[in-house]
Amino acid sequence: MGKIDDTIPEIGFLPALVITIVFGIALQLAGNWILMLIAGALGALFVRRIRKAFLLGFLGIGIAWGLLFAYLSITAQAMAVANMFIGLLGLEGLGFIVIVISILIGALLGGFGAMLGRALYELIDEFLPSGTGGEQTS
Amino acid sequence: MKRKVANLALSLIGPIALIIILTMPIGPLTGGLGIIEPIGGIFDSGVPAPGSQRITLNGLDAQVEVVVDHLGVPHIYAESAHDAFMALGYMHAKDRLFQITMQNYFAAGRISEIVGAYAASSDMYYRTIGLKRAAQTTLDWYEANAATNPIVATALDAINAEVEGANIFIRSMTAANTPVEFKILGFKPEPWQAVDCFVNAKMLTWGLSGGVADFQRQWERQELNNDSMYNDLFPDLMPYTVPIIQEQANISYAQYPLAPGMYPATDDPGQYTSMALADETYIPEGKLESLLNMMNEVLSPFGDRELVGSNNWAINGSKSSTGTPILAGDPHLTLQAPSVWYEAHIVVPGELDVTGTTFPGLPAVLIGHNDHVAYSFTNVGADVTDIFVEQLNPSNPDQYWYNGEYRDFTIYNEDIHTKEGTVIPFTVKESVHGPLIDSAINTYGLFGDSNPNLAMNWTGNSVTHELVASAGYMRAHNLDEFIDAMYWWDSPPQNCVFADDSGNIAMLVVGRFPVRAGYTGEYPVVALNDTVGMVSNIPYAYNPREINPSRCFVSSANQRTIDPSEYGYDILGPQANGYRGRRIFYLLSNNNGISVDDMKRFQADVVEVRAEVILPYVIDAWDSVGDGNTTISNAVDILRDWGYNMEPNLVAPTIWMYLINAIHYETFDEIRAVNTSLPLSRTPVLEQIVVTNNAYYLDDHSTVGTIETRDEILVRALHRAIDTLTSDWADEPNWVYGNRHIVHIEHLAGFTVIGDVPSRGQDTLDVAPGWVVTHGPSTRLVADLGNIQMSYMAYPGGQSGNMFSPHWSDMFDIWYSYDNVTKQHGYHILYFYSTATAFRTADTDGTLIEGTITFVP
């Protein structure tokens with residue numbers, strides 16, 4: 001088995017972003033926010049720098065949740081739910097803040113997940129032989 | 001390598017921090033911020049419910065079809081009662097799980113597990129009363145007697161089926177159908193047990209028949225310290241009351257020799273009246289006030305007992321326009337969201353075809369009609385709870401003196417577990433009379449008693465059989481079968497109105513009424529042996545009831561059950577003031593050819609009888625001795641032109657509200673002089689003082705050397721009313737009643753509100769007490785026994801407990817609506833098709849049916 005970064009190529013930021021968005025939407029359908037860490041980490045497979053990975057995960061999951069909220073606002077009263085929730089905190093009529101915070105949370109989950117994933121891949125690659133059979137680097 | 005390890009370590013900080021932030025409780029949001037994700041959190045609650053569904057219910061004997069109508073009401077078509085109630089249990093849980101869980105934990109004294117330790121005082125109170133213990137005792141009795149008594153077996157089977165159906169829903173719950181409240185509170189509901197059904201039933205019973213009037217009476221009497229005045233101003237029997245039962249109809253004592261619920265009874269109450277009465281035992285004033293404060297602070301299941309009331313009446317064919325009986329009922333309970341009620345129609349061919357309101361979590365249509373009979377309830381409001389002061393063993397407070405020896409209290413360990421994970425140690429002691437109610441306060445040590453010693457004897461705190469009765473009466477085909485079923489109804493005491501398609505009407509006062517020996521039941525007493533206490537009960541055969549009375553109608557509105565001079569047993573009150581009862585009696589006495597529309601109009605009646613009687617004296621007083629004040633003259637002119645209707649677009653009702661309080665204030669200076677916290681008597685007493693021109697009470701005794709007349713007092717009341725009104729409404733110059741008289745229906749956890757709109761009524765048939773109306777007609781039923789298919793109902797809420805469902809408040813809109821031309825509120829037809837096919841056939845334009853849920857084994 002070769003290194004992760006040798007097996008999965010760097011494909012450029014925008015294609016990686018699209019893939020991250022798709023991962024974000026698909027995994028969020030399972031209904032567990034912790035999976036957004038994994039979605040970000042999966043997106044980080046397609047970039048090589050940790051800062052870029054964070055940006056990719058942040059934007060990818062943020063956009064994914066933004067799209068989901070857009071859909072839910074049309075089909076499932078997302079604004080009404082958000083208004084009820086913010087009302088419990090005494091902030092009547094500011095439901096959009098809940099959605100903005102939610103998207104921000106998703107973005108941070110994606111970003112931190114991507115950072116963690118990238119750091120993990122790079123560490124694992126330390127222990128894997130290169131795809132060309134070259135010796136391990138230290 | 002080290003750098004990469006460091007990178008990994010540093011990159012772990014963000015995710016760990018986020019996980020902590022998203023799972024930690026934030027204020028009331030104990031579910032953590034993670035619940036605001038788009039899918040799997042609170043936003044799932046906004047997703048529309050699926051249309052038709054096919055759901056497997058393991059345990060069914062055959063397929064069950066549930067046609068859900070356009071209001072979300074399930075019409076359950078099953079081949080057996082077991083299957084029908086399993087489907088009902090599933091529907092109850094699907095639509096009302098949060099409500100049922102809250103009411104169950106509340107009644108069981110476990111609400112701290114959901115909302116946190118701040119609710120521990122409520123839990124201590126309900127653990128002390130012991131609804132859960134009584135529920136378990138009741139379940140044990142059902143299980144022990146099911147094998148030998150078919151109707152008990154029928155009831156128990158329905159309970160087990162309800163639980164089974166609910167648990168299938170609970171176990172299959174996903175993020176998509178978990179109530180949003182559980183997500184926000186971070187609470188996962190447990191599967192139900194059969195005992196939970198009985199806890200719900202006990203809560204219903206406590207809410208309608210609990211409470212400790214003994215403390216209130218003693219406090220009022222002690223404070224007043226004038227027995228003559230106390231008897232005048234706080235009577236047990238209200239003046240001008242029109243009793244509910246006027247033509248008592250006993251049934252066969254040989255056939256029904258026991259009390260309801262098969263408790264012992266006596267047909268010779270006189271044997272106890274010759275006994276010497278035990279002296280009232282005085283509880284130290286501070287302790288008494290602590291007890292009253294504690295009970296006022298803890299929520300009652302259906303709200304303030306003084307506001308829990310109801311109307312019901314029925315007319316027979318001689319009074320009706322149809323030539324057949326028509327029945328009406330509107331139970332007044334707390335208005336909550338979701339509603340107290342859940343409508344359902346249950347059909348089991350050859351056994352059951354009943355529709356109306358169920359209580360979520362109970363397998364019974366409590367109010368409604370079947371294919372032959374209709375029924376509804378009002379609360380009797382009788383005092384069936386007494387306080388006995390136990391004499392503790394000075395050397396062992398875990399013992400008390402009874403029947404010549406010291407006996408051990410039964411001690412229950414009732415540790416309270418909180419949401420925060422703490423355990424609050426708590427024990428409840430119980431004597432032969434009942435649990436020591438002062439276990440629930442921590443202050444008894446301050447008042448000389450080092451230990452609790454006040455035992456509460458409540459008839460509901462034992463095996464009760466209301467679910468056996470409901471299993472029977474839902475299946476009744478006629479009056480005899482209905483009466484037979486009600487032999488089981490022991491608690492809470494109710495005025496049950498009945499009509500059938502054979503032309504019969506009846507008012508059955510059902511429930512177990514204790515026969516007391518050696519004391520009156522009004523005040524706390526010491527009872528050192530079993531000759532003093534609730535020694536027996538009124539036999540069911542002699543319970544108050546009317547069957548087809550000569551006046552051709554029956555009616556009740558929580559007023560005095562029966563004239564004490566015409567009944568051989570004591571039923572202890574005090575009961576309602578009686579104004580609604582008087583108004584119903586007037587309307588039914590003075591109208592003939594009454595139609596279904598008339599019945600609806602009567603239910604919407606907002607004539608203030610209090611004003612009708614008292615206001616003319618006020619206007620006469622102003623005309624006689626008024627001082628010409630322009631503001632008051634204008635107010636009197638408004639009142640002069642008023643037709644006594646409490647309509648929200650009028651100013652007169654606002655003035656009247658202030659005026660009636662002011663008349664109480666000005667008249668009862670004798671009470672105010674003693675303690676301003678004491679209630680200023682009751683309005684029928686005031687009415688009697690005004691109407692009879694009672695010089696003693698009308699005189700203001702605080703003025704020396706002057707004797708005030710009735711007119712002077714009433715004019716003073718006018719001044720006080722207008723002064724207070726002007727001050728209170730300083731920021732609202734328009735005194736239109738509906739500007740401040742609003743109906744406000746709050747979500748059980750305070751998440752949202754239904755209503756906040758102007759409300760009609762007050763102390764009227766269409767009852768709406770206070771300024772912010774939180775009690776009122778919890779449902780309205782009009783059943784036409786000549787054409788049962790065209791019967792009507794509406795309640796203030798909706799079928800769904802999901803606040804984002806279209807069925808969250810759609811029924812409220814119907815209930816609230818009012819047509820100024822027909823003078824009726826809105827209703828919906830209680831669709832009553834005996835098969836699913838017939839229902840679908842009738843739905844020619846697709847507006848009646850929303851979908852079908854098919855439950856398969």
Side-chain angles (χ1 to χ4, degrees), chain A residues 25 27-37 40-41 50 53-54 64-73 75-85 87-90 98-99 101-103 105-106 108-109 111-127 137-138, chain B residues 1-23 26-49 173-178 180-181 183-185 747 749-753 802-806 808:
Chain A
I25 291 174
L27 291 178
Q28 177 55 205
L29 292 178
N32 191 337
W33 51 265
I34 210 158
L35 294 179
M36 293 307 98
L37 293 169
I50 281 186
F54 177 81
W65 280 28
L67 291 171
L68 285 170
F69 274 119
Y71 175 73
L72 292 174
S73 294
T75 62
Q77 307 180 73
M79 279 310 296
V81 176
N83 278 326
M84 178 277 295
F85 188 81
L88 299 180
L89 302 174
V98 177
I99 291 177
I101 291 172
S102 179
I103 291 171
I105 288 170
L108 286 171
L109 283 165
F112 285 130
M115 269 179 73
L116 180 63
R118 179 96 304 269
L120 192 63
Y121 304 145
E122 290 180 3
L123 184 64
I124 291 170
D125 275 355
E126 288 290 314
F127 300 99
T137 56
S138 59
Chain B
M1 176 72 176
K2 284 181 181 171
R3 186 177 61 81
K4 289 178 178 172
V5 171
N7 277 347
L8 182 64
L10 288 172
S11 62
L12 276 169
I13 294 171
I16 291 171
L18 264 183
I19 289 170
I20 291 170
I21 289 168
L22 295 181
T23 51
I26 302 172
L29 314 176
T30 44
L33 260 186
I35 58 171
I36 62 172
E37 62 184 324
I39 311 286
I42 58 173
F43 291 97
D44 289 338
S45 300
V47 177
M173 259 187 346
T174 64
N177 58 15
T178 297
V180 68
E181 295 92 341
K183 293 175 181 174
I184 290 172
L185 293 170
H747 176 262
F751 287 4
T752 187
V753 165
N802 178 355
M803 61 190 87
F804 304 104
S805 162
W808 166 250

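Proteins get letters first, then strands, A, B, ... in listed order; numbering begins at 1 in each.
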At a heavy-atom separation under 4.5 Å, does [X] approach chain B through its side chain, its backbone, both, or neither?
X: A:Leu37; value: side chain
X: A:Leu116; value: both
X: A:Leu109; value: both
X: A:Ala82; value: both
X: A:Ile99; value: side chain

Residue pair A:Phe85, B:Val180: steps toward the side-chain contact (heavy atoms from CB on, under 4.5 Å) verdict: CA-CA 10 Å; A:Phe85 188 81; B:Val180 68; over 6 Å; no
So which atom in [X] and which in [Y] form the shortest heavy-atom distance, rounded to 0.1 Å?
X: B:Lys4; Y: A:Glu122; answer: CD-O, 3.7 Å
X: B:Phe43; Y: A:Val98; answer: CZ-CG1, 4.1 Å
X: B:Pro38; Y: A:Leu72; answer: O-CD1, 3.2 Å
X: A:Leu88; Y: B:Phe751; answer: CD2-CD1, 3.3 Å
X: B:Glu37; Y: A:Phe69; answer: C-CZ, 4.3 Å

To the nearest 0.5 angstrom, please state how far the [atom1] atom of [X] sits from the [atom2] atom of [Y].
X: A:Leu35; Y: B:Ile39; atom1: CG; atom2: CD1; value: 12.5 Å
X: A:Trp65; Y: B:Ile36; atom1: CH2; atom2: CD1; value: 8.0 Å
X: A:Ile105; Y: B:Leu22; atom1: CD1; atom2: CG; value: 5.0 Å
X: B:Leu18; Y: A:Phe112; atom1: CG; atom2: CZ; value: 5.5 Å

Partners meeting side chain to side chain contact (heavy atoms under 4.5 Å, CB included) with B:Ile16 (sequence neighbours left out): B:Leu12, B:Ile20
Between B:Ile21, B:Thr752, B:Ile19, B:Val5, which shows the greatest number of heavy-atom pairs under 4.5 Å with chain A? B:Ile19
If we define contacts as heavy-atom pairs under 4.5 Å, which of B:Ala175, B:Gly40, B:Ser11, B:Ala749 has the most with chain A? B:Ser11
Of all of A:Ile34, A:Asn32, A:Leu108, which one pairs up most often with chain B through heavy atoms under 4.5 Å apart? A:Asn32
With respect to chain B, which residue among A:Arg118, A:Met115, A:Met84, A:Met36 yields the maximal number of heavy-atom pairs within a distance under 4.5 Å? A:Met84
Which answer fits B:Leu10, side chain, backbone, both or neither, if we ask what part of it has an atom under 4.5 Å from a heavy atom of chain A? neither
